[in-house]
Amino acid sequence: MTRHLLLRSTALSLGLLLVFLGGCLASSPPSRFYLLSPLSSPESLPGTRSVIALGVGPVALPEYLNRTQIVTRAGEHQLQLAEFDRWAEPLARSFTRVLVMNLSTLLATDRIALHPWNRSTPIDYQVIVDVARFDAGEDGTASLLARWSIVDGAAREILRVRKSAFSEPVDDDGYPATVASMSRLVGALSLEIAEAIRDLSASAGD
């Protein structure tokens, strides 16, 4: 009799535990997934020639961004990871993809190869980007800090090296606004790189 009561008590406890866990799972909000987006309705830069062949990469992002969760800053030395707001693809891949799309439009060229490319691929200019910061802070501002260089594709000579710092206000507290601001930051970097390539191409007579 005692054993029978013990079994019934154990089964009841397990049942209540399952109900509790099921309620917890049911109450958890679904994850939301985001992508960076290219420049909206951009035009090619004046004086750009569509004969330019680009090689893009390597593009490196800091290791703290190598995760699915969207990372924001909760202070000077503290990061905050979103629990249910995530990137739909690795952020480095998304950053590179949008950079390529922007450069393609701004420089009016489809001749873009991603690193690593075949040795036989003709490249006029290689774009290398090393990102130091790419996130939004508690002050409501998104920031992008990057060091980038342009290399002559044939001579392998470094033609230009620059450090760029961009900031963009976040319209509200939601993650959609944060991602939109971060997309505009990639657009600003793309424009600066495209202008440098256009000027180099013009001076070289390409």
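Side chains included, hydrogens not; waters and symmetry mates left out as well; all remaining heavy atoms used. Numbers here are sequence positions counted from 1.
Scanning both residues, Ala177 and Asp171, for their nearest heavy atoms gives CB-N, 4.2 Å. Across all their heavy atoms, Leu39 and Gly187 have their closest contact at CD2-CA, 3.6 Å. The two residues Leu144 and Val186 have their closest heavy-atom pair at CD2-N, 4.3 Å. Leu145 and Ala165 make their closest contact through CD2-CB, 3.4 Å (heavy atoms, listed as atom of the first residue, atom of the second, distance). Minimum heavy-atom separation, Pro58 to Gln126: CD-NE2, 3.9 Å. The two residues Pro122 and Arg111 have their closest heavy-atom pair at CG-NH2, 4.2 Å.
Open room surrounds CD1 on Ile158; 12 or fewer heavy atoms of other groups in view lie less than 6.0 Å from it. When the shell of 6.0 Å around CZ of Arg147 is examined, it contains 12 or fewer heavy atoms from other residues, nucleotides or ligands. Shown here is Glu83, whose CD atom has no more than 12 heavy atoms of other residues, nucleotides or ligands within 6.0 Å.
Rounded to the nearest 0.5 Å, atoms CG (Leu185) and OG (Ser164) are 11.5 Å apart. Atoms OG and CG, from Ser203 and Leu159 in turn, are 8.5 Å apart once rounded to the nearest 0.5 Å. Taking CG from Asn102 and CZ from Arg97, the interatomic distance works out to 10.0 Å, rounded to the nearest 0.5 Å. Rounded to the nearest 0.5 Å, atoms CZ (Arg86) and CZ (Arg67) are 11.0 Å apart. Taking CG of Leu45 as the start and OG1 of Thr105 as the end, the distance is 10.5 Å to the nearest 0.5 Å. Once rounded to the nearest 0.5 Å, the distance linking OG of Ser149 with CZ of Arg162 reads 12.0 Å.
Between Leu36 and Leu91 the shortest side-chain heavy-atom distance falls below 4.5 Å. For the pair Trp87 and Val179, the minimum side-chain heavy-atom distance is below 4.5 Å. Taking the side chain as every heavy atom from C-beta outward, Leu107 and Tyr125 never approach each other to under 4.5 Å. A heavy-atom distance below 4.5 Å is not found between the side chains of Glu138 and Gln80. Leu189 has its side chain within reach of Phe95: a pair of non-hydrogen atoms, C-beta onward, lies under 4.5 Å apart. Between Ser37 and Val98 there is no side-chain heavy-atom pair separated by less than 4.5 Å. Leu106 is listed as a side-chain neighbour of Leu191, based on a closest heavy-atom distance under 4.5 Å. Inter-residue side-chain proximity for Arg156 and Val151 is flagged as met; some heavy-atom pair is nearer than 4.5 Å.
When the side chains of ILVMFWY residues are joined at heavy-atom separations under 4.5 Å, either directly or via intervening members, Leu114 and Leu35 end up in two distinct hydrophobic clusters. Hydrophobic clustering keeps Trp148 apart from Ile123 (ILVMFWY residues linked when any side-chain heavy atoms are closer than 4.5 Å, directly or through intermediates). Residue Trp117 is not grouped with residue Ile112 when hydrophobic side chains (ILVMFWY) are merged at heavy-atom distances under 4.5 angstrom, including chains of intermediate members. By the rule that hydrophobic residues join a cluster once side-chain heavy atoms approach within less than 4.5 Å of another member, Ile52 and Met101 end up as members of separate clusters. Note on Phe84: it does not cluster hydrophobically with Val71, by side-chain heavy-atom contacts below 4.5 Å among ILVMFWY residues.
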Check step by step if side-chain contact (heavy atoms from CB on, under 4.5 Å) holds for Leu61 and Asn66.
-> CA-CA 8 Å; Leu61 267 66; Asn66 185 23; over 6 Å; no
Kindly determine whether Tyr34 and Ser94 satisfy side-chain contact (heavy atoms from CB on, under 4.5 Å), including the steps that lead there.
-> CA-CA 10 Å; Tyr34 301 85; Ser94 185; over 6 Å; no
For Thr68 and Phe33, what are the C-alpha separation, side-chain angles and deciding distance, and is it a side-chain contact (heavy atoms from CB on, under 4.5 Å)?
-> CA-CA 9 Å; Thr68 59; Phe33 296 91; over 6 Å; no
Go through the steps for Thr178 and Asp85 under the test side-chain contact (heavy atoms from CB on, under 4.5 Å), then give the verdict.
-> CA-CA 11 Å; Thr178 297; Asp85 296 88; over 6 Å; no
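Listed by chain and number, the residues in a side-chain contact (heavy atoms from CB on, under 4.5 Å) with Ala154 are Asp152 (sequence neighbours excluded). The salt bridge (Lys or Arg N to Asp or Glu O under 4.0 Å) check on Asp135 picks up Arg73, Arg133, with sequence neighbours excluded.
For the 3.5 Å distance criterion, the side chains of Arg184 and Ser181 qualify, holding a donor opposite an acceptor.
In terms of modelled atom types and a separation under 3.5 Å, the side chain of Ser104 and the main chain of Thr109 share a donor-acceptor contact.
Contacts classified as ring-ring contact (aromatic ring centres under 6.0 Å, His included) and involving residues 154-182 (residues at least two apart or in different chains) are not found.
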